[in-house]
Number of protein chains: 4
Amino acid sequence: MPRKIDLAPKKLPRQRRAVATVEALAEAATYILAREGLGGFTANKVAEKAGVNIASFYQYFPNKEALLFHIVRQTWERQLARLSPILTRPGEDHAVKLRDFVREFFLIEAAEVDLRRALRAASVDLKETEEFRALLAAGADLTKRFIAEAVGNGHSGNLDFDVRFVVLLTTSFAERTTDEGTGGAELIRQADPLTDMLVARFNIA
Amino acid sequence: MPRKIDLAPKKLPRQRRAVATVEALAEAATYILAREGLGGFTANKVAEKAGVNIASFYQYFPNKEALLFHIVRQTWERQLARLSPILTRPGEDHAVKLRDFVREFFLIEAAEVDLRRALRAASVDLKETEEFRALLAAGADLTKRFIAEAVGNGHSGNLDFDVRFVVLLTTSFAERTTDEGTGGAELIRQADPLTDMLVARFNIA
Amino acid sequence: MPRKIDLAPKKLPRQRRAVATVEALAEAATYILAREGLGGFTANKVAEKAGVNIASFYQYFPNKEALLFHIVRQTWERQLARLSPILTRPGEDHAVKLRDFVREFFLIEAAEVDLRRALRAASVDLKETEEFRALLAAGADLTKRFIAEAVGNGHSGNLDFDVRFVVLLTTSFAERTTDEGTGGAELIRQADPLTDMLVARFNIA
Amino acid sequence: MPRKIDLAPKKLPRQRRAVATVEALAEAATYILAREGLGGFTANKVAEKAGVNIASFYQYFPNKEALLFHIVRQTWERQLARLSPILTRPGEDHAVKLRDFVREFFLIEAAEVDLRRALRAASVDLKETEEFRALLAAGADLTKRFIAEAVGNGHSGNLDFDVRFVVLLTTSFAERTTDEGTGGAELIRQADPLTDMLVARFNIA
DNA sequence: CATGAATGAGAATTCATTCAT
DNA sequence: CATGAATGAATTCTCATTCAT
């Protein structure tokens with residue numbers, strides 16, 4: 001039963017001051033989420049950390065979940081921005097692109113483990129909302145096409161299924177690997193065999 | 001900084017009445033975790049649902065994390081009990097055993113998705129505790145040996161690395177797949193290709 | 001091991017409304033301490049008596065000890081204000097000044113016996129804190145100089161020791177006398193012999 | 001308004017086992033009071049420390065105050081036992097006896113400061129009870145006669161007043177001095193001048 | 001009667017959110 | 001509109017005491 005949480009920002013910040021306020025809140029929230037996890041994420045704490053009055057908080061966000069969602073969206077968009085070049089890079093060398101993609105994905109996850117861990121916890125609730133689904137759908141599309149292209153070549157099976165399979169396998173493994181604290185060179189050591197396996201499985205050339 | 005949380009039960013129930021109380025608490029906790037997730041898991045709610053006075057709760061558990069850990073342990077042991085036969089089944093057909101194992105793992109995860117989702121969230125905090133590590137270590141050993149045997153055959157690489165790779169890949173994917181709500185036949189459709197890939201990659205026969 | 005209790009007020013009241021709230025809390029606290037002693041001093045009770053929401057209590061004080069300390073400070077400052085004129089009164093008649101001082105001290109103690117009894121009990125815990133020591137030190141200085149001057153005249157012994165002796169003897173006796181419920185004229189009847197003894201002992205002129 | 005607290009032991013321990021139980025409780029209580037102060041003194045904790053079931057606690061004491069009072073009585077009796085020889089020592093040398101008495105008093109207080117501090121805090125409530133007054137009266141009598149004898153010699157004033165004065169002055173100062181943590185030789189350095197002053201004041205020979 | 005079990009009542013503290021100025 | 005102030009509703013945990021076997 002998807003609880004109806006209003007995730008839409010209450011009003012768009014028009015004046016420069018207002019933009020600054022929202023940014024300060026987002027920054028503080030990010031900081032707290034990374035440091036203290038979802039449990040430490042309270043409206044008052046965020047507002048204080050941001051140097052913003054708690055009432056102002058509720059001027060821009062109808063509830064704390066909305067801010068959370070704001071962060072999720074931000075993070076997701078930053079991630080997409082980093083991945084896009086690879087996802088849209090022209091050329092036929094799917095295997096190379098896939099390897100780059102997987103690596104980059106691992107690196108992104110690793111770079112913000114703490115924040116992402118918290119956001120993952122938050123997503124449990126957010127997942128039930130329309131907005132969240134919409135957000136994911138938007139970005140996922142690009143990825144799907146990318147995987148589809150790589151996988152699709154000379155492939156006869158169920159394309160949709162395969163795409164989903166690859167995406168789930170890659171992302172879950174990346175999340176889990178980074179979550180365990182793996183980083184640096186070790187990260188690539190984990191990522192590459194996965195790519196190898198995918199390449200082999202789907203005859204990616 | 002790992003906060004020291006006391007996870008050991010405060011007192012063991014001796015009379016039948018008390019055993020019932022503890023069981024009621026565990027059951028209520030399981031129910032609430034599955035229904036409302038970690039966020040809804042409060043000592044009072046659990047006690048009320050269990051029809052037990054809150055003070056009784058604290059007779060048996062020093063804090064709510066201890067009850068959480070109790071559930072985690074129960075779940076983990078049930079899981080191990082289901083997997084053990086496969087993990088220890090004698091014979092040389094590693095590929096078959098691996099497939100059975102992966103399938104069973106997916107099924108277990110799927111059977112209690114909601115509970116397990118919550119427990120995963122809980123693990124974020126629990127992970128820092130001695131007790132949790134000890135618990136995992138105990139069961140993980142069996143799995144490791146199983147994977148090591150399957151993978152080890154005619155393999156020259158770093159065994160430890162491979163074992164970890166397989167375990168992380170399998171479990172993270174299983175968790176994620178079930179988390180998305182996948183179940184039934186579809187579940188096996190997801191599990192098997194993973195086995196195929198592992199068999200291929202590690203020359204499992 | 002001195003437990004670190006944060007005794008500093010969390011937030012200073014800026015608007016008149018808030019000042020009233022803090023005052024109401026202090027008043028209620030004083031009332032309860034005098035009526036029910038330290039044992040009856042609970043945050044909830046104080047807030048209720050003050051007609052203030054318990055959450056408001058915690059807006060201004062980080063814990064109930066902080067409010068306690070607030071009262072202690074208030075009381076101590078009122079006391080000092082009453083004693084200061086005597087302590088700093090110019091002139092050579094030390095014997096007279098000492099007598100006045102001792103009497104006034106007894107009167108002060110007697111005027112608020114119930115409150116002071118409770119505060120003394122509270123001091124057991126407060127004593128271990130920095131803030132408390134600092135508070136006492138500030139006022140004690142004046143008293144010490146006063147006693148030193150009276151006692152010091154033509155005296156060859158250990159001045160520090162004597163000052164401490166006089167202070168402890170006087171204050172403990174005053175506390176005890178009032179604590180027993182002695183008041184009115186009887187109070188002076190107790191105080192004066194003590195002065196006599198001190199005057200005799202230390203050749204105070 | 002003296003709250004009616006039932007301080008009488010519920011039933012006298014007849015069997016040896018029962019005596020042991022009560023003793024264990026008293027010992028545990030003493031230990032806890034000394035270590036943790038009145039705040040740490042809870043019925044359950046005492047019972048556990050004593051290795052006695054909480055229900056047994058309430059078999060012998062109607063409430064925790066009764067145990068407290070039991071300790072107070074014990075302590076008071078031990079104290080009286082130590083002072084009695086001096087108080088009743090025959091002979092005319094009142095000054096010497098008084099000095100011995102004061103010193104011994106200081107030493108007793110110092111030997112159990114922590115416990116006595118806690119008991120003093122407890123006495124605030126106990127003081128209002130009949131039993132407590134009766135207890136004090138009994139022992140005080142001996143002391144009064146002792147002081148009366150010392151002071152009375154060739155004295156024309158109000159004897160009752162003087163006795164009370166001496167007792168209050170001595171005991172309050174002793175309590176305060178030890179409470180400040182003074183001990184060892186320093187203790188006597190504090191006690192003796194007080195005796196000197198009393199001797200001088202009351203022409204004790 | 002001794003032990004295990006249970007509990008009503010309360011105490012400290014926090015949080016999301018709204019109101020007043 | 002921004003800030004200070006306020007609060008209802010929880011939440012964690014404790015305690016004195018009684019009940020059941």
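The structure presented is a predicted model; accordingly, all values stated were derived computationally and were not measured. Chain letters run A, B, ... following the sequence lines, proteins first, then strands; residues in each count from 1.
Comparing atom distances between the Lys64(D) side chain and each of dT17(F), dA16(F), dT14(E) picks out dA16(F) as nearest. Listed nucleotides: dT7(E), dT13(E), dA6(F). Nearest to the side chain of Ala55(B): dT7(E).
Put simply, the side chain of Ser56(B) never gets that close to the backbone of Val52(B): no donor and acceptor are under 3.5 Å apart. Without hydrogens or angle criteria, Thr42(B) side chain to Lys45(B) main chain gives a donor-acceptor distance under 3.5 Å.
Looking at heavy-atom distances under 4.0 Å, Tyr60(C) makes contact with sugar-phosphate atoms alone, never a base. Residue-level contact check: Phe61(C) touches neither bases nor backbone, having no heavy atom under 4.0 Å from any strand.
Judged by a 6.0 Å distance limit and a 45° cone about the ring axis, Lys49(B) is positioned over the six-membered ring of Tyr31(B).
Note: CD (Glu23(B)) to P (dA5(E)) measures 14 Å, nearest angstrom. The distance between atom CD of Glu48(D) and atom P of dT14(F), rounded to the nearest whole Å, is 12 Å. Across the protein-nucleic acid pair, Tyr58(D) atom OH and dC15(F) atom P stand 12 Å apart, rounded to whole Å. Look at CG on Leu25(D): it is 15 Å from C1' on dT17(F), rounded to the nearest Å. Distance CD (Gln59(C)) to C1' (dT17(E)): 12 Å, rounded to an integer number of Å. To the nearest angstrom, C1' of dT3(F) lies 10 Å from CZ of Arg14(C). One atom, CD1 of Ile54(A), and another, C1' of dC1(F), lie 16 Å apart when rounded to the nearest Å. Residue Phe57(A) contributes atom CZ, which lies 9 Å from atom C1' of dA16(E) at whole-angstrom precision.
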Show your working on side chain to side chain contact (heavy atoms under 4.5 Å, CB included) between Thr129(A) and Glu65(A) and close with a plain yes or no. CA-CA 11 Å; Thr129(A) 68; Glu65(A) 280 72 30; over 6 Å; no
Take Val124(A) and Arg120(B) through the test side chain to side chain contact (heavy atoms under 4.5 Å, CB included) and record every step on the way to the result. CA-CA 11 Å; Val124(A) 174; Arg120(B) 244 172 270 145; over 6 Å; no
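A residue-by-residue look at Arg17(C) and Leu12(B) shows that Leu12(B) has its nearest nucleotide of DNA chain E further toward the 5' end. Each of Lys45(B) and Lys11(C) was matched to the nucleotide of DNA chain F holding its nearest heavy atom; the match closer to the 5' end belongs to Lys11(C). Nearest-nucleotide positions on DNA chain E place Val19(B) closer to the 5' end than the other of Ala43(C) and Val19(B). Heavy-atom nearest nucleotides on DNA chain F were determined for Gly51(A) and for Thr42(B), and the one closer to the 5' end corresponds to Gly51(A).
For dG10(E), its base never sits under 3.5 Å from the side chain of Asn44(C) at any donor and acceptor pair.
Just one of Leu33(B), Asn63(B), Leu7(B), Ile5(B) meets the side-chain contact (heavy atoms from CB on, under 4.5 Å) condition when paired with Leu68(B); it is Leu33(B).
Phe132(D) places a side-chain heavy atom less than 4.5 Å from the side chain of Ser123(D). Under the 4.5 Å side-chain criterion, counting only non-hydrogen atoms from C-beta, Leu25(A) is in contact with Phe61(A).
Neither OP1 nor OP2 of dT17(E) sits under 4.0 Å from any side-chain N or O of Asn63(A). Residue Ser56(C) places none of its side-chain N or O atoms closer than 4.0 Å to OP1 or OP2 of dA5(F). Residue Asn53(D) places none of its side-chain N or O atoms closer than 4.0 Å to OP1 or OP2 of dA2(E).
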According to the Watson-Crick and G-U wobble definition with distances under 3.5 Å, which dot-bracket string, read 5' to 3', encodes DNA chain E, using [ ] for crossing pairs and | for pairs with another strand? .||||||||||||||||||||
